[in-house]
*Asks:* 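There's a structure below that I have some questions on.
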Amino acid sequence: MTNVRLVIAFIWAISSATNSYAQIAPIPFVDGLRHTGVPSCSTAGCHGDQVTGEGVGPIVGQNEYFQWASRDEKGAHSRAYEVLLTPHGKRIAANLGLGPAHKSDTCLDCHADNVAEEYRSQRFQISDGVGCEACHGGAENWLAFHRIGAGHARNIEAGLYPTEDPASRARLCFGCHIGSAYENQFVSHRLMGAGHPRMKFELDLYTTIQKHHVVDEDYRTRKAVTSGAQVWAIGQAIAVERTLTLLIDNNIGSTGAFPEFVFFDCHSCHQPISEGINQLSWRPNPGRALGPGAPILNDANIIMLQAAMRVIDPVLAAKLENQARALHAASQQSGSHFRRAAATLKTTAEQAADHLSEVDLSDPAKVRAILREITSDDRVRRYTNYAAAEQALFAVQRLTAALGLADSEFNAGIERAGQAAKSPYGYDQRAFGAALRDIGRLAAE
Ligand code: HEC
Ligand code: HEC
Ligand code: HEC
Ligand code: HEC
């Protein structure tokens, strides 16, 4: 693995000599740089000035450490290691026969900045969990000079990870929140069977929850700012790409005689067996020509991406539509049909991600059009599964927020949709659809 990391770091070194940092910075987990540890960031005068609110630093707030370390949701990453020591964490590891969770790479590769021993400086502590450098990259080459205003481009060149770039951010977050092909960065159904929570994620929402930076005049001079709607859309495209990459990976995509279950909708298997014909929960879905009784590929991100592309690029949207349909059909044919169809759709999702990175989604008319698409009759009929409803709800929340419509008449509809999709087992598609259609009507006004 060390060799793989070195090769990646080397390729990056060559490419970054010629390019600006666009697409393919290696994620910090494999950046081949020494990680100097949270204590090297958190000192007073640096990112650990004891202040509240927006901070007092002339350039950045300088209170980022305290936000990362806070005990609420914002500080989840600082507790990522701690949770391995709770009864819950221990039980998962025990069920898997792993030994202590906090010593197992199977857990640490996502619950800490688990770079190889040779990439840890003196002050590095694994118990700091998902520390600053797990996202911002190993600081060995930029720690000293980033403080004296070397400039963002130089910092990036020295290994700072481009977290402000939505595509790069997606690849970073998804490593732990969807999974990656590196070592143990994947929560398989086996881990879930052992008690690991289901994974859910949406790039713009989760960025906002853990946000510890301020976008002010000064920020805008240093970094490109991307609208929330665009972050959402790029996140959807790269989520599809990432999921399909893992699905066709020989080491991840199947277990024994079966495909890996986590790629399928949890509730296509996990539901009570209905006692009478009137209790059957199966409903047709216009996005897939699957009859009753088939396990269903979790297509939540695909449905969202289609909605975005119908506004941005209808030709590509139609392609996504056909290829997704073919993928569902192939899941009933054979493993090789399934993987081939997944590879085809993956390529189109990559094209969509590239296209979405080029367009400007700060235009409210486009954002409204996407919101109308997500709440349209055709889309709403596709939210047959809880996972799809969850993504649709995230989308509605983020797109109304991007339009500056939070705390408005949209709230009542969002509240009702949230109630209908409050829990996976009580998901009420009819009530959810009705709430979304109402939101759509408002968006059309
Ligand atoms: C692919 C990355 C990944 C791997 C591998 C992984 N986890 Fe997690 N884990 C997460 C994420 C992300 C969450 C948060 C899920 C959420 O709330 O959306 C989480 C949540 C948890 C929680 C719940 C924490 C809480 O606040 O309630 C526990 C406990 C946990 N993981 C333990 C483990 C153990 C034990 C292992 C190893 C057997 C492990 N994890 C492997 C990413 C991972
Ligand atoms: C889970 C990933 C993650 C972790 C962990 C993390 N950050 Fe961040 N950080 C981000 C993202 C995303 C942004 C916003 C995008 C940007 O400006 O690069 C950000 C922004 C910042 C900024 C604002 C930069 C500016 O130009 O205004 C600073 C400073 C910062 N982080 C410092 C820290 C410090 C210090 C820690 C550890 C105590 C930390 N971060 C931990 C992801 C992370
Ligand atoms: C090295 C792995 C890793 C990376 C990279 C990472 N996360 Fe996480 N994240 C986790 C783990 C593990 C948890 C669960 C920790 C816990 O339960 O305390 C988590 C929790 C969260 C939570 C809290 C969720 C909740 O339900 O409370 C948010 C929000 C979040 N991450 C956002 C992000 C964003 C945004 C990025 C990318 C900028 C990111 N994460 C990158 C591992 C990671
Ligand atoms: C293709 C069918 C299928 C899919 C899809 C599926 N599971 Fe499972 N799940 C199973 C089977 C089979 C078992 C083992 C049941 C047993 O041990 O009796 C299981 C067991 C579990 C268990 C352990 C339950 C217990 O009480 O022991 C959890 C938790 C779980 N699955 C979560 C999930 C989650 C979360 C998802 C979606 C990400 C999911 N499953 C998707 C078939 C599936």
Side-chain angles (χ1 to χ4, degrees), residues 27-29 68 71-115 129-137 161 163-166 168-213 231 235 246 252 255 258-271 294-298 300 331 385-387 390 424:
I27 59 166
F29 183 49
W68 170 84
R71 300 307 296 177
D72 59 17
E73 228 180 358
K74 194 188 275 288
H77 291 123
S78 66
R79 294 188 298 276
Y81 178 90
E82 258 169 72
V83 302
L84 301 179
L85 297 165
T86 60
H88 186 179
K90 286 182 177 158
R91 178 83 185 274
I92 298 170
N95 286 345
L96 293 164
L98 281 178
H102 66 288
K103 297 223 158 76
S104 169
D105 288 342
T106 307
C107 312
L108 289 172
D109 279 0
C110 293
H111 283 265
D113 189 14
N114 197 28
V115 290
V130 179
C132 319
E133 291 160 289
C135 291
H136 292 293
Y161 190 79
T163 40
E164 83 283 7
D165 170 54
S168 305
R169 190 190 307 161
R171 292 186 189 104
L172 164 69
C173 311
F174 291 172
C176 300
H177 285 275
I178 293 181
S180 83
Y182 292 123
E183 305 224 88
N184 301 298
Q185 277 193 328
F186 185 66
V187 175
S188 63
H189 187 262
R190 218 166 57 86
L191 263 69
M192 291 191 183
H196 198 281
R198 184 177 69 90
M199 307 287 261
K200 55 173 189 234
F201 195 77
E202 189 282 299
L203 189 62
D204 187 46
L205 174 65
Y206 276 58
T207 298
T208 308
I209 296 173
Q210 66 91 57
K211 182 167 179 275
H212 48 269
H213 70 293
V231 171
L246 297 175
I252 294 172
T255 44
F258 297 98
E260 166 58 57
F261 288 171
V262 291
F263 297 120
F264 290 80
D265 180 68
C266 310
H267 302 287
S268 62
C269 295
H270 291 282
Q271 56 172 309
I296 293 158
L297 184 77
N298 178 358
S331 75
N385 317 87
Y386 175 75
E390 183 176 70

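Both ligands and their constituent atoms are indexed starting at 1 by order of listing.
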*Asks:* Closer than 4.0 Å to some heavy atom of Asn184 - which atoms of ligand 1 meet that?
*Replies:*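 Counting from 1, the qualifying ligand atoms are 5 (C).
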*Asks:* Could you list the atoms of ligand 1 found under 4.0 angstrom from a heavy atom of Phe186?
*Replies:*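 Those qualifying, in numeric order: 1 (C), 5 (C).
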*Asks:* Do the side chains of Gln185 and Ile27 get nearer than 4.5 Å, heavy atoms only?
*Replies:*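 Yes, at least one pair of side-chain atoms sits under 4.5 Å.
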*Asks:* Tell me, do Ser104 and Leu98 make a side-chain contact under 4.5 Å, heavy atoms counted?
*Replies:*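 The answer is yes; the side chains approach within 4.5 Å.
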*Asks:* Examine distances only and state if a side-chain atom of Lys74 and a backbone atom of Lys211 form a donor-acceptor pair shorter than 3.5 Å.
*Replies:*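 Side chain of Lys74 to backbone of Lys211, a donor-acceptor pair under 3.5 Å: yes, one is there.
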*Asks:* Pull up every protein N/O/S atom sitting under 2.8 Å from atom 8 (Fe) of ligand 4, skipping waters.
*Replies:*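 You should have found His189 NE2, His270 NE2.
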*Asks:* Quick one, Glu133 and Val115 - any side-chain contact, counting heavy atoms below 4.5 Å?
*Replies:*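 In short, these two side chains do not touch, never coming nearer than 4.5 Å.
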*Asks:* Does some side-chain heavy atom of His270 sit less than 4.5 Å from a side-chain heavy atom of Phe261?
*Replies:*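 No. Closest side-chain heavy atoms not under 4.5 Å.
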*Asks:* What residues, two or more places apart in sequence or in another chain, satisfy side chain to side chain donor-acceptor pair (under 3.5 Å) together with Gln210?
*Replies:*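 With neighbours one apart ignored, the set is empty.
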*Asks:* If I compare all heavy atoms of Leu108 with all of Lys103, which pair ends up nearest, and what's the gap?
*Replies:*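 Heavy atoms of Leu108 and Lys103 come nearest at CD1-C, 3.9 Å.
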*Asks:* Quick one: which ligand 4 atoms are inside 4.0 Å of a heavy atom on Phe264?
*Replies:*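 With Phe264 as reference, the close atoms of ligand 4 come out as 5 (C).
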*Asks:* Any chance the side chains of Ser168 and Asp165 put a donor and an acceptor closer than 3.5 Å?
*Replies:*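 Side chains of Ser168 and Asp165: pair found under 3.5 Å.
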*Asks:* Using heavy atoms and a cut-off under 4.0 Å, could you grab the residues that are in contact with ligand 3, chain by chain, numbers ascending?
*Replies:*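 Residues near ligand 3: Glu73, Ala76, His77, Arg79, Ala80, Val83, Cys110, His111, Ala112, Val130, Arg169, Leu172, Cys173, Cys176, His177, Phe201, Tyr206, Thr207, Ile209, Gln210.
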*Asks:* Against heavy atoms of Asp265, which atoms of ligand 4 measure under 4.0 Å?
*Replies:*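 Here the atoms of ligand 4 in question are 5 (C).
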*Asks:* Is the shortest N/O to N/O distance between His196 and ligand 1 below 3.5 Å?
*Replies:*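 Looking only at distances, the answer is yes, because the N/O contact criterion of under 3.5 Å is met.
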*Asks:* If you define the side chain from C-beta out and look only at heavy atoms, does anything of Val262 sit under 4.5 Å from Leu191?
*Replies:*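 Counting from C-beta outward, Val262 and Leu191 never come under 4.5 Å.
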*Asks:* Applying side-chain contact (heavy atoms from CB on, under 4.5 Å), name anything that partners Val130, two or more places apart in sequence or on another chain.
*Replies:*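 Result, side-chain contact (heavy atoms from CB on, under 4.5 Å) vs Val130: His77, Ala80, Ala134.
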*Asks:* For a 4.5 angstrom cut-off between non-hydrogen side-chain atoms, does Asn385 reach Asn298?
*Replies:*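 SC-SC contact between Asn385 and Asn298 ruled out.
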*Asks:* Enumerate the atoms of ligand 1 whose separation from the nearest heavy atom of Leu98 is less than 4.0 angstrom.
*Replies:*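 Those atoms are 38 (C).
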*Asks:* Is the closest side-chain heavy-atom distance between Phe258 and His189 below 4.5 Å?
*Replies:*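 A side-chain contact is absent here, since even the closest heavy-atom pair is not under 4.5 Å.
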*Asks:* What is the ring orientation for Phe201 with Tyr206, classed by angle as parallel under 30°, tilted 30 to 60°, or perpendicular over 60°?
*Replies:*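 Correct class here is tilted.
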*Asks:* Any atoms of ligand 1 less than 4.0 Å from a non-hydrogen atom of Thr106? List them with their elements.
*Replies:*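 Checking each atom against Thr106, I get 5 (C), 37 (C), 41 (C).
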